[in-house]
K.L.:
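A single structure is presented below for examination.
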Amino acid sequence: MTKTFQPGDPIWCAGCGHYGVRNALQAAFQQLDVESHQTMVLAGIGCAGTLQNNVNAYGFHAMHGRVLPAATGVKLANPSLDVIAVGGDGDGYAIGCGHLVHSFKRNTGVVYILMNNGIYGLTKGQNSPTAETAEQAFDGVQLGLSIAGSSFIARGSSAAPTQLQKLMVAAIEHSRAGRGFAFLEVLSPCVTYNDTYPKWAGRMVDVDTITGYDPYSRTGAFTTVHDLNAENRFATGLIYQQDSIGSERQWLDSGQAAVCDLDIDPALQMSDFREIMDDYGV
Amino acid sequence: MTKTFQPGDPIWCAGCGHYGVRNALQAAFQQLDVESHQTMVLAGIGCAGTLQNNVNAYGFHAMHGRVLPAATGVKLANPSLDVIAVGGDGDGYAIGCGHLVHSFKRNTGVVYILMNNGIYGLTKGQNSPTAETAEQAFDGVQLGLSIAGSSFIARGSSAAPTQLQKLMVAAIEHSRAGRGFAFLEVLSPCVTYNDTYPKWAGRMVDVDTITGYDPYSRTGAFTTVHDLNAENRFATGLIYQQDSIGSERQWLDSGQAAVCDLDIDPALQMSDFREIMDDYGV
Amino acid sequence: MRANQLTDLNVMVAGQGGDGSLTVTSILGELLARRGYHLYMSRNVASRIKGGHAAAMMRGSLEQRGCQGDNIDILLAFDQEAVDMAASRMAANGVIIFDTSDGDLNREGLADSIDIIEVPFGRFAVRDLRRNLFKNSLSFGVLSSILSIDEDEAINCLRHSFQRLPEDAIVANINAFDSGRKFFSELPQQPDLRMLANVEREKHLLITGNEAVAFGFLAAGGRFFAGYPITPATEVLEWVQKYGSRFNVQVTQAEDELAAVNMALGAAMTGVRAMTATSGPGFALMQETISHAGSAEIPLVVVNCQRAGPSTGMPTKTEQSDINMMVFGANGDFPRIVLAPGGPHDCFDLAVQATNLAQQLQCPVILALDQMIGQDSTTVEPFNLEAVVLQHGKRVDAATLQEMTEYRRYEITDDGVSPWAVPGTPGGESLVTGNERNEWGLVSSNPENRRNMVDKRQRKLDSNLHLLPRGNSQGDADAEIGLLGIGMQLGVIEEVWQRLSAQGVRIKFLQPRTLWPVLDETIEFTNSCKRVYVIEHNQAAQLAHLLLGEGANKAGIKSILKYDGQPFGAGELCAKIQQEEAGQ
Amino acid sequence: MRANQLTDLNVMVAGQGGDGSLTVTSILGELLARRGYHLYMSRNVASRIKGGHAAAMMRGSLEQRGCQGDNIDILLAFDQEAVDMAASRMAANGVIIFDTSDGDLNREGLADSIDIIEVPFGRFAVRDLRRNLFKNSLSFGVLSSILSIDEDEAINCLRHSFQRLPEDAIVANINAFDSGRKFFSELPQQPDLRMLANVEREKHLLITGNEAVAFGFLAAGGRFFAGYPITPATEVLEWVQKYGSRFNVQVTQAEDELAAVNMALGAAMTGVRAMTATSGPGFALMQETISHAGSAEIPLVVVNCQRAGPSTGMPTKTEQSDINMMVFGANGDFPRIVLAPGGPHDCFDLAVQATNLAQQLQCPVILALDQMIGQDSTTVEPFNLEAVVLQHGKRVDAATLQEMTEYRRYEITDDGVSPWAVPGTPGGESLVTGNERNEWGLVSSNPENRRNMVDKRQRKLDSNLHLLPRGNSQGDADAEIGLLGIGMQLGVIEEVWQRLSAQGVRIKFLQPRTLWPVLDETIEFTNSCKRVYVIEHNQAAQLAHLLLGEGANKAGIKSILKYDGQPFGAGELCAKIQQEEAGQ
Ligand SMILES: Cc1ncc(C[n+]2csc(CCOP(=O)(O)OP(=O)(O)O)c2C)c(N)n1
Ligand SMILES: Cc1ncc(C[n+]2csc(CCOP(=O)(O)OP(=O)(O)O)c2C)c(N)n1
Ligand code: SF4
Ligand code: SF4
Ligand SMILES: [Mg+2]
Ligand SMILES: [Mg+2]
């Protein structure tokens, strides 16, 4: 075997929720027999945004807030890859918020795992958009539900590893099935600057435990999430899904090849090139 | 009287919906006895983003997509101004989308009028996020409803001038009452590249005509808007409101002066400055 | 060719307009092209969709030209503003066709020698803006008469130009055209008629730089494009949308420039050749990601079609004031390449090279266009498709990987370029990052590693200078006077050089095509001149400063700057240089 | 002062750490400060929150110093990595206090003359990370013994440093401290003791540049700050959050840098003095808006506290590689000012000037810091608050407006600065825009107007050069050898200059404080030297290139570059220069 990079040890503080996310992801990879070379893990910037260094896959470190457009570019160019984007709540809900909205709308088959700790960890503890402060806390799940194109919205917690692994598997499968963008928010406490383990404990409600809950109903999901928030609780689990067709799959379904597989030798396209030139001929 | 700039004539194509927006805004100004020097109209970039040149007020042309942060800066610094931000759907829903989300969340008393024509007018007819194409069209009203901090969400149409003027007045009054950010989307057709006058006609449903409609219910509003969208219709009118306290008003309520009114003469703050120096003394 | 045949004809059509005003010049262009003329077509419009003053300019010349002519031979003026604007450029023996719908012509500032034809367009019931086309066909009737073109030939061109319209609309236009012919024939006093030549020339392309750059990218294997509309670069996006589908090109209109450039970056990581295109404000937004591509060593091609800045500036006007930003913008030290084509043909060639260079050097490559190159149409020789050869640099596949004992994505090599396996390749798992890292891609701030990595990246440029496009240079190598300019200046510089050479001035010119790194040849050229006129469309003399910074002798550099949004004319430049030379 | 008293003491504390490792140096700093020493305190950390190797460095000196010392006199090493890292810098008669918890010391690479004290920290039950503080107090016990400080004085400082802890925690720390004292006293072989001086000096401030720049902004009337956290600039945001409330300062943490800079821009339009602060990647994102402020003529102050680039680079390491971006970034030509303070005191002064200059010239002013200036703490003289005078430029109020017959926001004036009425002022309604416009603020692309407007904006700089801060220069004006550097280089350059002067080398130095526009004095200084060493923390010699572009003679410039994230040392620089000089 060719020797290539060996995933490094996480740089996280002992007890950081992000360990749980990495563990669940690795377990999901194992459960799904994900092949390391067919997987690309892209990360934003932040403590959360170092996870790619600690898993065995192709890894990429994007600029702060830009992990989703980069992941979208990867997936559109090579739809056969499992493309996993990860990042923190600052990365995804603050600087990257516009891209998140448009990723929901565009519905390209990227799996996006957002580690929500209500804080900017790596820059030492400033409020993130989900911080419970004077301003109303932001709920990414509700945001996702408001975008007509969204097709998979889930929330887990690093304090609930079994559920988390299940949701990761579901997210990867959603993307693999060509249904599009899979969004998984993980409540992942920052023990150093905002230890929410105690604060969040007992406030999570798995939607699977709600009788009659229908993850295919957008307005139902919105109401449930909203009403739980109003009671200071969080909906978790697979909150919403839709059997849509992801944008990269639409491309393939229309009979077009993945661009990464094209033979780009100009000699093969000469006659087409000449036809274009004819359009300009004078 | 000092001679100062005279508003120019609009550069819009004959029949453009944006005329209706300007007219309604001027009428609302008149109705509310808005004083031109106490008003600032900030605009994004696009055909919509030239409106500030055609009204009598302090005007500012922001960079593409940045009108909301600029307007927020103005309002926070000088809360006594009527601050009106305007722009197109490309400006507000594409490049400026992240700022829109955070303006809802921050709830600073800016009035934001977004002219939705489903197209990029000034760059000659590319799709905007609200274009009804392969991708799911984007609905800014639904987005606004998903953000817990949002406090005023309305939709009008330049084809319905009376309603539009009423909504503009309500938006300005919301901001003046210190309740925060007032969002008004206007369906404002681009007759040159996407003439939606016929396409949109008959599809608008004024929420005032829905029996029992409660603009104070977020989930009710979300369901109504969502369900109308599903039937290819648009909710219009004052869709949602909340008696919140705008961020600039919170500042004033806490007993702090508007920063624009402060006396910044260093001689007056000497003792405070010295106290700070003492903190660093060694 | 007969003596009284025109070798060079400049026509301007101007008025309150919108796009319609381009129609006349394009019909006329079609006609001239069939007669064997070369074309240079440009426009001068406001940043608005309809209305506002707009002018279309067409130069037809038997020699190939890369800029507008000095003087306007025929002006078709739909209002007084058009005349006022063009007055100073009217040829002494020029003709003005004036629309009297809104009042008579004010002749102030016009030489008596200019022929004036006042056409009461109102009488032809074309005032209604929706019937603008008839107005154009009517004026073409007048125009073709002045140019003594017979009816059949003119109608033939008209039909060709309107081929996409339904037959009844074509007929209506021909009727309007006939009215124009008739009106002209009944004029009490006819102007001197112009005679066109009719020569053979090889088939050419009439194409803009934006189109050519997109074409070059496609020809060089480009298959992913993400963009965001912005004047004057939008046509690159539109071109790949139009022609790309045939080649399976993935084209995405992103939500903003940050998304566009990062999507391109993501696609580029998969090994697909990827590009984005923008103009100044958008390019400013992309700075952080360009630095990222430089650091992470990802091949990325970015077109910056410059417009008049700063900020929003004058979106439809030309300028070269982003040189500094392209060469020096973005945080930190990293290798980048900036190429500046000198015309549409060069746009194609350099787009091919840029696409290859990005692969070879694994770094961002910027294509510096300007509004004129981007949007003016020029007849150029057909592109040399056979010469397009793909370069793949150090891409490694699974088979090669298996033979390697170690694969280090950021291996420190002699030429600074590291082997590169794309995602999906078994055995090539690796970390790509904008952090400083070791050869394995793992984050490191070890000082020695850091030094080595910075040096390695810089070495990519230093050891591959031979791959970079050389400049375009003409004239006597020993000449003491030099002209230097980039981009759209090439056309005008060539013409100035020809004229001054014809007058016996010993002069040479250089159009550097690699703007960064500054090549030795550029500094050598500059320093070989006693005086070198550096011609730029900006206020800060950005190019001259760049040359100085790279070792050009200060004493010899004379900057000629223009920053009013209007292109230089050859006559204007000749005069400036002659004046300057006279003072020596 | 007695002969065996230390005039200059350098202590390093290093290990797998996190913030705790700063504690020892800060207690020691407190002690040294009381003895009248000047302090220079810095750290070397990885970009992670806990763990990773971290080092804190403290220099105490009787003369004021602006950089770390060459050699480490006392090293407190919590692991072998710390020793390996510091080995080459250990003073020959230095002391290493080594934590043997994880194994014995490997002495390789250490001179025999170095005293080693191996402390079995494990025995003191401080292995538990949560009791790190005890570890620090314990080592302070050892340290204070080596420095022959009596127990009372040491405990006094300890108490002062821990004053915010509850009494039982303080007592526990004192117990740990006592164990350290006891351990030392029982050592079989004690190292040579050091003696500290005890001198009088005026009260100083121990402050970082980030804190000082925020303070200067506040003192100059700054009342609006919008920012976004980024290493190493975050402390500016934190400072205004902490101290601003007392002054009613509006502080907003925005959703990103684009929002931050545009909020500041909006606030600035209302006449409030506004600032934002960031580092390279964030500054890259702000480019478009900086161009906008230049075009629209809005006073805006932006701090760029540079870190090692490109891209994410090494966030916690220092560099000066954004010079190009600050001076040349962003689209188009527009006036801007870039000021580069040479230390925390200068940070205060230049923040005051920047805030005023933005008002006077109505343009963006950039404060160029670097990680060292931003985050290292130095003792500096108290700020001269009395000297802070507000400049208001051409602000006009309602009364003045009433006396004017016309108010044109972009009036073309001799000095390029136009009158300015802020929103809310009756009679001052006007348009502010980044489009080219006429004097009234209405969009215009008229070529003549355009020229006039570009010239007007440039004139703001050209006619106000006298307002810009002059450089800091010392040495014999006739000296043939010059040193030139900016920002954090000042401290080290001063020390090099002193040392070389003391050796009889005729040498002078200049620290330009206005980086853009390049002042005549800078070029004159450069060209007055036979050789000028331009000392920079970047790879591309950005400063030297800037000087060349502005007319510096190429022959004389010798670049000394470092780009490994580590600061220059005075000894290192002296050696480089002496070597270079020897070669002449
Ligand atoms: C453009 C830019 N702005 C700011 C930063 C500084 N920065 C690094 S990480 C971070 C936020 C991290 O917070 P989050 O995304 O929530 O991740 P966490 O550390 O909490 O896991 C910021 C602001 C940056 N690297 N780049
Ligand atoms: C950073 C940047 N990117 C792109 C542009 C080009 N641009 C000008 S207007 C516009 C979109 C206009 O669309 P919209 O906001 O919907 O307004 P409309 O013209 O439809 O009223 C774009 C993309 C720009 N000016 N700046
Ligand atoms: S600072 Fe917080 S988020 Fe970062 S590694 Fe530590 S615990 Fe985790
Ligand atoms: S292009 Fe469309 S949006 Fe723009 S002015 Fe014309 S009609 Fe209005
Ligand atoms: Mg976080
Ligand atoms: Mg629009």
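Note: hydrogens, waters and symmetry copies are ignored here, and every other heavy atom, side chains too, is used. In the text below, chain A, chain B and the rest are named by the order of the sequence lines, each starting its count at 1.
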K.L.:
If I take atom NE2 from residue His226(B) and atom CZ from residue Phe222(A), how far apart are they, to the nearest 0.5 angstrom?
P.N.:
10.5 Å
K.L.:
Suppose a student defines contact as a heavy atom less than 4.5 Å from any heavy atom of chain B. Which residues in residues 98-122 of chain A would they list?
P.N.:
Gly98(A), Val101(A), His102(A), Lys105(A), Arg106(A)
K.L.:
Can you tell me how far the CD atom of Gln142(B) sits from the CD atom of Gln142(A), to the nearest 0.5 Å?
P.N.:
12.0 Å
K.L.:
I'd like to verify something: which residue of Ser150(A), Gly96(A), Pro129(A), Gly149(A) has the highest number of heavy-atom pairs under 4.5 Å with chain B?
P.N.:
Pro129(A)
K.L.:
What is the minimum heavy-atom distance between Gln136(A) and Ala148(B), and which atoms define it?
P.N.:
OE1-CB, 3.7 Å
K.L.:
So which heavy atom on Ile147(A) is nearest to which on Phe138(B), and how close?
P.N.:
CD1-CE1, 4.0 Å
K.L.:
For Ala230(B), which atoms come within 4.5 Å of any heavy atom of chain A: side chain, backbone, both, or neither?
P.N.:
neither
K.L.:
Just how far is it from atom OG1 of Thr219(A) to atom CG of Asp227(B), taken to the nearest 0.5 Å?
P.N.:
5.5 Å
